[in-house]
Number of protein chains: 2
Amino acid sequence: MTGKTEKDIFVRFLADRGMRMTNQRGLILDAFLRTEKHLSPEELYGLIRRKDRSIGQATVYRTLKLLSEAGLAREVDFGDGVLRYEHSYGHEHHDHIICERCHRNMEVVDERIEELQERLAKKYGFRLTGHKMYLYGICRECRKKQG
Amino acid sequence: MTGKTEKDIFVRFLADRGMRMTNQRGLILDAFLRTEKHLSPEELYGLIRRKDRSIGQATVYRTLKLLSEAGLAREVDFGDGVLRYEHSYGHEHHDHIICERCHRNMEVVDERIEELQERLAKKYGFRLTGHKMYLYGICRECRKKQG
DNA sequence: TTGATCATGATAATCGTTATCATTTTCGGG
DNA sequence: CCCGAAAATGATAACGATTATCATGATCAA
Ligand SMILES: [Mn+2]
Ligand SMILES: [Mn+2]
Ligand SMILES: [Zn+2]
Ligand SMILES: [Zn+2]
């Protein structure tokens, strides 16, 4: 039952802060969970709009921010000026590799890199709290097509 | 004589594209080279303005973009919505570690990480063309001040 | 039921950046 | 030098993503 646990978490998160679960927040959470992609608020707004014409885009922005704080979503910044969100609950940390031609992207992890990042930070006197790593390249398919 | 070689490079870069070295471009390049910092266009604009009240900010934006293409500057995106530029000529690639409290930042490199990134990309069928890695943490000074 | 609180959607505002365009500067022949 | 094409500039408008504002509507607990 996808979404059951997540909805519970969200409801609790909201309650803890004196906020309410609403119809709109439910719709947005559902649509978000149903879509296994890195979604921009605009994209999600477009999806939901097809079901409910009355929803406002401000609410989508607001709710995605809330989902992030609740630990259900995670912000992803590919560096193209648009913020995207990915599932966070039950999805381990990972980094991304993005094709510069077709923008196809994959999720990758390398434990050795993670470990070395930790050490690197320590070496410079920092307590590491997080990191962003984006690899840019040309994917196999695009290389086949031309050079 | 800081700036001599860089100016030559810029002049040649411009000439190759049928563009001209101008007074403004010279001023901007000088101020950029004189400042050893990650500079936003606004900051640079502020600096130059103190010397020449007549300069336009559009010219600063335009020129920084040109300097990037000429290989003299490099864009840096700390993820706070402002694009910054750093020296590129004679400055090897490096990554950054940023304090989330005071925004102090350091330049760091780990050859083992660079190597592993290369392999990771290959493993997923990508030819790596570049990467962005930003480590976020709390610096020593900030940890001393409070927790 | 009823007021207090919270959420919503439309819209204005913000902010960094880019586009537009009239004006100025530059440059290479005459 | 002087000219006209080409390029550059600066003021300003426009842009796109996001956030703030605010009047209206929904929800809650007593
Ligand atoms: Mn992802
Ligand atoms: Mn740097
Ligand atoms: Zn591709
Ligand atoms: Zn600090």
Side-chain angles (χ1 to χ4, degrees), chain A residues 7 10-32 38-70 73 75-85, chain B residues 7 10-32 38-70 73-85 103:
Chain A
K7 184 158 264 175
F10 196 33
V11 170
R12 169 158 307 179
F13 167 83
L14 291 170
D16 285 353
R17 314 185 14 157
M19 304 173 95
R20 298 158 183 171
M21 172 54 83
T22 64
N23 202 33
Q24 290 92 327
R25 284 173 180 165
L27 280 175
I28 293 168
L29 176 56
D30 285 347
F32 172 69
H38 300 103
L39 273 174
S40 69
E42 287 309 327
E43 283 173 314
L44 187 52
Y45 175 54
L47 289 178
I48 297 165
R49 231 183 172 211
R50 299 212 292 249
K51 309 234 161 188
D52 182 344
R53 181 120 311 232
S54 76
I55 202 126
Q57 75 179 146
T59 304
V60 176
Y61 274 93
R62 282 189 285 240
T63 304
L64 281 170
K65 198 126 288 184
L66 287 173
L67 290 177
S68 296
E69 295 172 38
E75 296 186 349
V76 186
D77 178 7
F78 287 169
D80 61 351
V82 194
L83 203 54
R84 278 167 241 271
Y85 292 85
Chain B
K7 185 158 264 176
F10 196 33
V11 170
R12 168 158 307 177
F13 167 84
L14 291 170
D16 285 352
R17 315 184 16 156
M19 303 175 94
R20 299 158 182 170
M21 173 53 83
T22 65
N23 201 33
Q24 289 92 329
R25 284 174 179 163
L27 280 174
I28 293 167
L29 175 57
D30 284 348
F32 173 68
H38 301 104
L39 274 174
S40 70
E42 287 310 327
E43 284 172 314
L44 187 53
Y45 176 54
L47 290 178
I48 296 167
R49 231 182 172 212
R50 298 213 293 248
K51 308 235 162 187
D52 182 343
R53 183 121 308 235
S54 77
I55 201 123
Q57 75 179 147
T59 304
V60 176
Y61 274 92
R62 283 189 286 240
T63 304
L64 281 169
K65 198 127 289 186
L66 287 174
L67 291 176
S68 295
E69 295 172 37
R74 200 186 285 134
E75 296 185 350
V76 185
D77 178 7
F78 287 170
D80 62 351
V82 195
L83 203 54
R84 277 166 241 270
Y85 291 86
H103 302 102

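Chain A is the first sequence line, chain B the second, and so forth, proteins listed ahead of strands; every chain is numbered from 1. Note that the structure is a prediction, hence the values are computed from the model and not measured.
Between B/Ile55 atom CD1 and C/dT25 atom P the separation is 13 Å, expressed in whole Å. The interatomic distance linking B/Asn23 (CG) with C/dT26 (P) rounds to 8 Å, in whole Å. In this structure, B/Leu39 places its CG atom 13 Å from P of C/dT17, rounding to the nearest Å. The CZ atom of A/Phe13 sits 14 Å away from the P atom of C/dC6 (whole-angstrom rounding). Counting to the nearest Å, the C1' atom of C/dG16 and the CG atom of A/Asp80 are 15 Å from each other. Atom CD1 of B/Ile48 is separated from atom C1' of D/dT9 by 14 Å (rounded to the nearest Å). The nearest whole Å value for the distance from the CG atom in B/Leu66 to the C1' atom in D/dA7 is 12 Å. Regarding A/Arg17, its CZ atom lies at a distance of 16 Å from the C1' atom of C/dT5, rounded to whole Å.
Here the side chain of B/Thr59 is nearest to one of D/dC28, C/dT8, D/dG10, namely D/dG10. Of the candidate nucleotides C/dT25, D/dG10, C/dG9, D/dG10 has the atom lying nearest to any side-chain atom of B/Ser54. The side chain of A/Arg25 lies closest to C/dT8, out of C/dT8, D/dG10, C/dG9.
Considering only side-chain N and O atoms, A/Gln24 lies nowhere under 4.0 angstrom from the phosphate OP1 or OP2 of D/dA26.
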If you apply the rule side chain to side chain contact (heavy atoms under 4.5 Å, CB included), what do you find for B/Tyr85 with B/Arg74, and how did you get there?
CA-CA 5 Å; B/Tyr85 291 86; B/Arg74 200 186 285 134; over 6 Å; no
Please assess B/Tyr61 against B/Leu83 for the test side chain to side chain contact (heavy atoms under 4.5 Å, CB included), listing each intermediate value before the final yes or no.
CA-CA 10 Å; B/Tyr61 274 92; B/Leu83 203 54; over 6 Å; no
Could you go through A/Phe10 and A/Met19, starting from their C-alpha distance and side-chain angles, then the distance that decides it, and tell me whether this counts as side chain to side chain contact (heavy atoms under 4.5 Å, CB included)?
CA-CA 10 Å; A/Phe10 196 33; A/Met19 304 173 95; over 6 Å; no
Run the side chain to side chain contact (heavy atoms under 4.5 Å, CB included) check on A/Lys7 and A/Leu29 step by step: do they pass?
CA-CA 8 Å; A/Lys7 184 158 264 175; A/Leu29 176 56; 4.2 Å; yes
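In summary, the aromatic rings of B/His103 and B/Phe78 are positioned with their centroids too far apart to meet the 6.0 Å limit.
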Protein-nucleotides 16-23 of chain D N/O pairs closer than 3.5 Å?
| residue | atom | partner | partner atom | Å |
| --- | --- | --- | --- | --- |
| D/dT18 | OP1 | A/Leu83 | N | 2.9 |
| D/dT18 | OP2 | A/Tyr61 | OH | 3.1 |
| D/dT19 | OP1 | A/Lys65 | NZ | 3.1 |
| D/dT19 | OP2 | A/Lys65 | NZ | 3.2 |

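At least one donor-acceptor pair closer than 3.5 Å links the side chain of A/Arg25 to the backbone N or O of A/Arg20.
Using a 4.5 Å cut-off on side-chain heavy atoms (C-beta onward), B/Tyr45 and B/Leu64 make no contact.
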